[in-house]
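In what follows, a single structure is set out as structure tokens and then discussed.
Letters go in sequence order (proteins before strands), and every chain restarts at 1. Worth knowing before you read on, the calculation uses all heavy atoms, side chains too, and leaves out hydrogens, waters and symmetry mates.
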Number of protein chains: 2
Amino acid sequence: MQVRARIEQASPDLTNAERKLCTALLSDYPFAGLEPIQVLAERTKVSSPSISRFVNKLGFQGYGEFQRQLINEMKQGQRSPVHVHGSGRPIHDDYLENFMARATELMSATTGAITQAQFDRVCTILMDKKRSVYVLGGRFSDSIALHFSRHLRLSRPHVHHLPADPEIWPEYMLRMKPRDILFLVDFRRYQPNLLHLAKYASDQRSARIVLVTDKWLSPVSRYAAEILAAPIEIGTVWDSYTPALALIEAVLTRIAEETWHDTRARIEAWDAARMPAEGL
Amino acid sequence: MQVRARIEQASPDLTNAERKLCTALLSDYPFAGLEPIQVLAERTKVSSPSISRFVNKLGFQGYGEFQRQLINEMKQGQRSPVHVHGSGRPIHDDYLENFMARATELMSATTGAITQAQFDRVCTILMDKKRSVYVLGGRFSDSIALHFSRHLRLSRPHVHHLPADPEIWPEYMLRMKPRDILFLVDFRRYQPNLLHLAKYASDQRSARIVLVTDKWLSPVSRYAAEILAAPIEIGTVWDSYTPALALIEAVLTRIAEETWHDTRARIEAWDAARMPAEGL
DNA sequence: TTGACTTTGAAAGTATCTCATCAATACTGA
DNA sequence: TCAGTATTGATGAGATACTTTCAAAGTCAA
């Protein structure tokens, strides 16, 4: 990958506009570079002269030559299937690449951790509109939980995200009916908070608890009807929540597809309700 | 393969020169068609007007449109393995495995989209304690942003997550000093909200904007000093934010490691402050 | 804050590419 | 062979795409 390499090489001393071009080019490589210079300028909000200067800096005579080179690369690539991934960059010393590789590995490990039947069951009970769904995560994992509730809300009614402050929980807990779902996300450094909540919901309200946790299993698992355990250990100071996010996205996507008719209607209704505000 | 099909369809009633073109095009498909018309004319020993007439016959407006179509086809082909919901049929076989495989693929594509230098720069300015950091995401992407601010807070002071309600933003905006950082996450179905915020922060407060977006580049990119573009298109009803999360985690991890001494102290202080509450 | 330096986009200029015209040529059938 | 038709390429007009110039805005160090 000649051009890609040149970009990376030049990348330390680039100007602001040039960096934008970098991102645009690399994020849709190599097709972004095949558009006419004007179109690319429009997309990246950078003037065409800046693009021209940029490709000069990369060592090309002009934009045309740059494009020809991109096409050539594709032509080459077509022949040798070797180049598909990487080959272009030094593996050592690249923090990002290293990290991503590990995260990717975690991701592929996730599939094995959850059975198809388990996945199906979770999706099914979450699709049941007669049950209300209450969602909460821990201090850090709540961002994952939030992602979940925001999307689930588009596919079905009665989705409630509990606020972080435990003082307000009773308001929700008292509303829980038997068979309602409490969807918890709890990764290590488990929160005692959530355990109490789970115990109460399970014992007093007969709610079904669906738990997303890690392989060490949050204590909440004692009360959980369904447990989805994602690998999160990536060997750095923080754990990686990407497998958990992927898992949750898979659930959400499955639900949205199954209930596509409703989901679509809800999205449209949402947009319609939003429109007026946008004028402001 | 649209163009190829058109050629085959038209092939019965073609003239001599046109048949030559056919051969040339098909024998080096699609690259022959990507050369300038003059070059192709030279190579095939056919005049450029003949080529022009030929592509007209195929149903294209002109040579340019023909080329664009060829490029489009390649683009489509590139992401061939995914393309499932396009035909509308969710796969029931092993839904989860399928989804995870695609997410994994996205993850590994992420590395190529961001250069090491870019990554380093973003980490560096985020580590600068003299700058305050303001964080916000869109309606859905805010969960990613939240993950970011929660963790970053452990590594450095002066991290503020803006509330969702724009009414309250001014309180934060007025506090922004030049060189402060506004960290935005904005994926497609971009929010006009964020654009206004970015414009104001950039123009009025001289803040540096770091933007995490997708390859279609949020309009915020106009005001951004650093843009990280993650692939998110997974070919289902929702996009997948996993690559973006991974990217953010990489940044966070890098920062936590570089500033480990401080980060550790802050975590301990945090825990110490929390202990008393836990007894309750 | 000032002043040198860098970066940037508007506008103008230049090159290139594409297409329409038209005359020349090749082909076909009488 | 000749006339009619279809095909082709030379040419130049017109459009498009790219680059250079230049002035304004931004940035950084003193």
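- One atom, CD1 of A:I51, and another, P of C:dT7, lie 17 Å apart when rounded to the nearest Å.
- Set against C:dT18, D:dA17, D:dT19, the side chain of A:P36 has D:dA17 as its closest nucleotide.
- Atom CD in A:E65 sits about 13 Å away from atom P in C:dC17, given to the nearest Å.
- Each of B:S47 and A:S48 lies near DNA chain D, and the nucleotide nearest B:S47 is the one positioned closer to the 5' end.
- Annotation: side chain of B:L211 is not in contact with side chain of B:Y223 (no heavy-atom distance under 4.5 Å).
- Within 4.0 Å of A:K20, counting heavy atoms only, lies no atom of the nucleic acid at all.
- Residues B:R208 and A:Y63 each lie close to DNA chain D; by heavy-atom proximity, the contact nearer the 5' end of the strand is made by A:Y63.
- Here the side chain of A:E8 pairs no donor or acceptor atom with the backbone of A:A5 at under 3.5 angstrom.
- Here A:T15 does not reach the OP1 or OP2 of C:dT7: none of its side-chain N or O atoms lies under 4.0 Å away.
- A straight line from CD1 of A:I37 to P of C:dC17 spans 15 Å, rounded to a whole angstrom.
- Scanning both residues, B:N193 and B:W169, for their nearest heavy atoms gives O-CZ3, 3.7 Å.
- Residue A:V46 places its side chain closer to C:dG9 than to any other of D:dC18, C:dT21, C:dG9.
- One atom, CZ of B:F60, and another, P of C:dC19, lie 13 Å apart when rounded to the nearest Å.
- Rounded to whole angstrom, the span from the CD atom of B:E42 across to the C1' atom of D:dG9 amounts to 14 Å.
- Between A:S50 and C:dG9, a side-chain N or O to OP1/OP2 separation shorter than 4.0 Å is present.
- Summarising the geometry, the separation between CZ on B:F66 and P on C:dC17 is reported as 17 Å, rounded to the nearest angstrom.
- In summary, the aromatic rings of A:H151 and B:F140 are positioned with their centroids under 6.0 Å apart.
- Among the atoms of the strands shown, base atoms are found under 4.0 Å from some heavy atom of B:P49.
- Residues A:T236 and A:R102 are in side-chain contact: their nearest non-hydrogen atoms beyond the backbone lie under 4.5 Å apart.
- Proximity note for B:R179 (side chain, C-beta onward) versus D:dC28, D:dG9, C:dC19: the nearest is D:dC28.
- Between the P atom of C:dG9 and the CG atom of A:L40 lies a distance of 13 Å, rounded to the nearest Å.
- Following rounding to the nearest Å, B:Q38 (CD) and D:dG12 (C1') show an atom-to-atom distance of 13 Å.
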